[in-house]
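One structure is given below, encoded as structure tokens.
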Amino acid sequence: MKVAAGIDIGGTNIKYGLVDARGKILYRGRIKTRTFPLADDFADYFLHESGKIIAGLDGDYELGGIGIGSPNGNHITGCVEYAPNLHWKGRVELARIFTDKFGIKTYIDNDANAAALGELLFGNGRGMKNFVMLTLGTGLGSGIIVDGKLLRGSDGLGGEAGHTIVVENGRQCGCGRKGCLETYVSATALMTTYREITGKNLPARDISDNAAAGEPECFQALDQMADTLAKGLANLKSVLSPEAFIIAGGISAIGEAFLKPVRKYFDQYVLNIYTQQTKIMNSALEGADAAILGAASLGMDFDLE
């Protein structure tokens, strides 16, 4: 029986899994990204590691495909294109590196695109033709599904809602510009907003937990983030008219304490013809599962291309 490897590369951690054709994750693992000075080093590690994992599974399995989700991953070129949050600098030919080492065709895509595919196939996106997936982590990623397919654009780098400018000459973004949505809506942004309000530093998880418990200054920081996200979603609604916005990542763990104000502000900002008709919900998949499943699907025959 064939399995696909799904690899989700982040600035801090690499999460990976082996997935069967039904979408069952047979194995999950993670390792620090900076363990590997070069992308070749990670490919060598995974070549050895995946062989051990498959040999230890209960059943006769073989690796049939590899899919990788990465910041600035380009499905068309197979490269990671100058990702600001990765220490692998420049243009990294990641798909070619893996294909050469494994002898198996490897596909790469933007990490949020991979998460959107996972949600489309196995999560709350099942049965939907048009939705936007947003991943709220260190930054803000987005994957856009239009007519049941990923929106990648002419160069493979489309769908970057996190780099739409929402504040003129606003906060400095890692992309080199100022005022991008992700500088106001992300775990990093939440900590910045809290620091602006209080002059103190606090981890994003603590701010979220305290806000849900009603602590005023934490609630104010979270509420500001909900307000700005709602503006961004209202703009996306006017352009794409999706059925739903699906939110994943660490911030989504807050649940309704965050989603409720997002919905409230969204209805204030969106065109009145769209009010009360758009779902804003959390991912149905836990943790990194959407990204792992989506990345694995790139290496499977799911008739998505």
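Every heavy atom of this structure was used, including side-chain atoms; hydrogens, water molecules and symmetry mates were not.
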Would you call I76 and D155 a side-chain contact if the rule is heavy atoms closer than 4.5 Å? no
What class does the angle between the rings of Y45 and Y16 fall in, given that below 30° is parallel, 30 to 60° is tilted and above 60° is perpendicular? perpendicular
What distance do L222 atom CG and I251 atom CD1 have between them, rounded to the nearest 0.5 Å? 7.0 Å
Counting only heavy atoms not in D60, do more than 12 sit closer than 6.0 Å to its CG atom? no
Could you tell me whether E182 and R171 make a salt bridge, using a distance below 4.0 angstrom between a side-chain N and a carboxylate O? no
If you measure from CZ on R30 to CG on N13, what distance do you get to the nearest 0.5 Å? 5.0 Å
Search all heavy atoms of K237 against all heavy atoms of F245 and return the closest pair with its distance. N-CZ, 4.0 Å
How many angstroms lie between CG in L298 and CD1 in I68, if you round to the nearest 0.5 Å? 9.5 Å
L190 with L136, same ILVMFWY side-chain cluster at under 4.5 Å: yes
Do L202 and C218 have side chains that get closer than 4.5 Å, going by heavy atoms? yes
Do other residues, nucleotides or ligands put more than 12 heavy atoms under 6.0 Å from K89 NZ? yes
May I ask you to decide whether K129 forms a salt bridge with E243, counting only side-chain N to carboxylate O separations under 4.0 Å? no
With the side chain counted from C-beta on, respond yes when I247 and L229 share a heavy-atom pair under 4.5 Å apart, and no when they do not. yes
For residues A5 and L63, report the shortest heavy-atom separation together with the two atoms involved. N-CD1, 3.7 Å
Answer yes or no: is there a side-chain heavy-atom contact under 4.5 Å between I108 and V80? yes
Without swapping roles, check the side chain of T99 against the backbone of K105 for a donor-acceptor pair under 3.5 Å. no
Quick check against the 3.5 Å criterion: does D41 have a side-chain atom that pairs as donor or acceptor with the backbone of L38? yes
Find out whether R91 and T77 are in side-chain contact, i.e. whether some heavy atom of one side chain is under 4.5 Å from a heavy atom of the other. yes
Considering non-hydrogen atoms only, spot the tightest contact between I9 and T33 and give its length. CG2-CG2, 4.5 Å
Verify the ring-centre separation between F98 and F42: is it less than 6.0 angstrom? yes
Closest contact, heavy atoms only, S283 versus L285: OG-N, 3.0 Å
Please check if any side-chain donor atom of Y269 sits under 3.5 Å from a side-chain acceptor atom of D227, or the reverse. yes
Examine distances only and state if a side-chain atom of R152 and a backbone atom of D109 form a donor-acceptor pair shorter than 3.5 Å. no
Rounded to the nearest 0.5 angstrom, the CE-CD distance for M225 and Q220 is 13.5 Å
Indicate the atoms forming the closest heavy-atom contact of G179 with T183, along with that distance. C-OG1, 4.0 Å
Do L181 and V239 belong to the same hydrophobic cluster, where Ile, Leu, Val, Met, Phe, Trp and Tyr are linked whenever their side-chain heavy atoms lie under 4.5 Å apart, directly or via other members? yes
Between S142 (side chain) and G159 (backbone), is there a donor-acceptor pair under 3.5 Å? yes
With no hydrogens and no angle check, is any side-chain donor or acceptor of N130 less than 3.5 Å from a backbone partner on D147? yes
Using the rule that Ile, Leu, Val, Met, Phe, Trp and Tyr join whenever any side-chain heavy atoms are under 4.5 Å apart, tell me whether I280 and M128 fall into a single cluster. no
Let me check something: do M300 and I25 share a hydrophobic cluster, defined by ILVMFWY side-chain heavy atoms less than 4.5 Å apart, either directly or through other members? yes
Report, as yes or no, whether the 6.0 Å neighbourhood of atom CD on E168 holds more than 12 heavy atoms from other residues, nucleotides or ligands. no
Electrostatic pair D267-R263, nearest N-O below 4.0 angstrom: no
With a 4.5 Å limit on heavy-atom distance, are the side chains of D111 and T135 in contact? no
One should read off an interatomic distance between D40 CG and L94 CG, to the nearest 0.5 angstrom, of 9.0 Å
Cut-off 3.5 Å, side chains only: do E217 and N210 have a donor facing an acceptor? no
Distance from L259 atom CG to F266 atom CZ, nearest 0.5 Å? 13.0 Å
Taking atom CZ as the centre, does F219 end up with more than 12 heavy-atom neighbours from other residues, nucleotides or ligands that are less than 6.0 angstrom away? no
S252 and F258, any side-chain heavy atoms less than 4.5 Å apart: no
Should the pair K2-E62 be classified as a salt bridge under the 4.0 Å nitrogen-to-oxygen rule? no
Non-hydrogen atoms of Y82 and N72 that approach each other most closely: O-ND2, 3.5 Å
I145 side chain reached by L150 side chain, heavy atoms, under 4.5 Å: yes
Report yes or no: do Y184 and Y265 belong to one cluster of Ile/Leu/Val/Met/Phe/Trp/Tyr joined by side chain heavy-atom distances under 4.5 Å? no
